[in-house]
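Report on one structure; see the data block that follows.
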Amino acid sequence: MPVFCGNAQQVLSDGQLNVSYVTDATPPPGRHVLTTIDYGATFKTPADSDAPHFNIANKQLNTPALLEMWSSDQPVTRGQLNGVTFSKTATHITGYLESPMPPGPTADTAKTMLQRVLTLLRELQFAHLMRIWNYVPDINDVSDGLEQYQQFCVGRHDAFFESGFETASAFPAATAVGGRNPALSIFFLATNLPITSVENPRQVSAFHYPAQYGPRSPSFARAVLAQGTPGNEQLYISGTASVVGHRSVHQEVGLQTEQTLLNMRALVEEAGRQSPSSPRWRDVRALKVYLREAGDLERVRPIVASALPGAPMIVLEADICRRELKVEIEGVWSRAA
Ligand code: 3EB
């Protein structure tokens with residue numbers, strides 16, 4: 001039997017994707033698994049499920065280790081196209097691809113990979129990329145005079161704009177953190193149901209960051225609200241850090257964590273202004289915390305747990321895209337079914 005953590009057992013039943021953190025890959029009753037993601041390669045490939053199972057090398061700092069499971073109450077079909085391994089229902093698709101980092105600019109690798117994603121979504125007719133995770137190897141290293149993260153932003157920007165993302169309002173929610181394996185790895189969610197993006201009133205939109213952060217601004221939305229049946233919207237909050245306006249604030253990791261949580265709360269409130277039936281702060285379903293230093297776990301975890309009691313949480317060791325940032329947090333919110 002799967003063991004659910006916190007309030008993750010409140011399973012939705014409206015065709016939405018559902019994420020849960022489990023200790024066993026057995027599909028819950030009535031659910032179809034699209035994908036499982038194993039952070040830190042702790043789980044063996046599940047023998048009892050033929051759903052794609054991906055490893056992200058970043059070490060999990062929580063115990064017990066948890067498996068991220070994406071499921072639906074709708075039937076799932078699976079395939080491979082353009083080098084992307086995907087699983088889909090009638091309304092949603094999850095996909096994964098990775099590419100070794102060849103010598104030369106990371107921008108080119110990022111651009112090619114994202115073009116493969118966008119082409120796949122066009123071919124399979126999922127109009128809206130809603131959430132994307134990017135694991136960038138050596139994210140703070142400099143090559144050709146640019147940090148790997150800034151290179152990634154250049155390639156991403158080019159891929160999006162060349163494929164017709166004319167308005168920033170179409171960007172997905174995103175995370176871009178340092179990967180611990182040598183490949184650039186991308187996992188994404190898309191849908192053919194309506195989505196809307198949400199920007200943070202406390203922060204300059206990332207796609208409007210000034211040039212001091214890199215020659216191309218980061219192409220992502222602070223959050224995406226995915227429509228379901230009324231009252232069952234899901235809010236996907238991007239990786240969020242201690243950034244106010246466009247500047248990093250605070251050195252100390254506890255203060256950075258508190259500022260990050262204030263940013264996340266502001267996003268939930270902003271989504272509520274855009275759509276009154278969107279999830280409230282307490283409706284958190286899954287959190288992921290990225291820590292540059294594993295030793296900061298004792299400091300960070302209680303601060304997150306007191307802001308969001310009982311929230312299912314995976315904590316990963318990962319470099320953050322700005323050197324001064326020590327913590328980044330993301331999450332999925334939805335009202336109980
Ligand atoms: C920030 O607010 C922190 O480039 O995809 C967070 C989430 C960050 C996603 C991305 C970057 C990205 O700018 C960094």
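Note that the structure is a prediction, hence the values are computed from the model and not measured. Below, each value reflects all heavy atoms present in this structure, side chains not excepted, and no hydrogens, waters or symmetry copies. We count ligands from 1, going down the list as the structure has it; atoms in each ligand are counted the same way.
Heavy-atom contacts of Y149 reach the following atoms of ligand 1: 4 (O), 10 (C), 11 (C), 12 (C) (cutoff under 4.0 Å). Those atoms of ligand 1 with a heavy atom of G239 less than 4.0 angstrom away are 6 (C), 7 (C). Heavy-atom proximity to A174, at under 4.0 Å, picks out these atoms of ligand 1: 5 (O), 7 (C), 9 (C). The contact set between ligand 1 and R156, taken as ligand atoms under 4.0 Å from a residue heavy atom, comprises 4 (O), 5 (O), 10 (C).
Residue-level proximity to ligand 1 for I320 is absent, since no heavy atom of it falls below 4.0 angstrom.
Looking only at atom types and distance, the side chain of N140 has no donor-acceptor partner in the side chain of R323 under 3.5 Å away. In this structure, a donor-acceptor pair under 3.5 Å is present between the side chains of T36 and H53.
A side chain to side chain contact (heavy atoms under 4.5 Å, CB included) with F152 holds for exactly one of I139, L146, T109, N134; it is N134.
Taking atom 14 (C) of ligand 1 as the reference point, the nearest protein heavy-atom neighbour is C321 SG, 3.1 Å.
In terms of hydrophobic clustering, with Ile, Leu, Val, Met, Phe, Trp and Tyr side chains grouped at heavy-atom distances under 4.5 Å, L193 and V332 are assigned to different clusters.
Taking the six-membered ring where the residue is Trp, H246 and Y209 present perpendicular rings, their angle passing 60° and hence far from 30°.
Atom OG of S238 is separated from atom CE of M264 by 9.5 Å, given to the nearest 0.5 angstrom.
Residue-ligand proximity: A206 is placed with every non-hydrogen atom at 4.0 Å or more from ligand 1. For Y213, the heavy-atom gap to ligand 1 stays at 4.0 angstrom or more.
When the heavy atoms of R322, E330, R222, E328 are ranked by distance to atom 2 (O) of ligand 1, first place goes to R222. Of the candidates F152, Y209, F220, it is F220 that places a heavy atom closest to atom 8 (C) of ligand 1.
Scanning all heavy atoms of the two residues, the minimum distance from Q256 to H250 falls at NE2-O, 2.9 Å.
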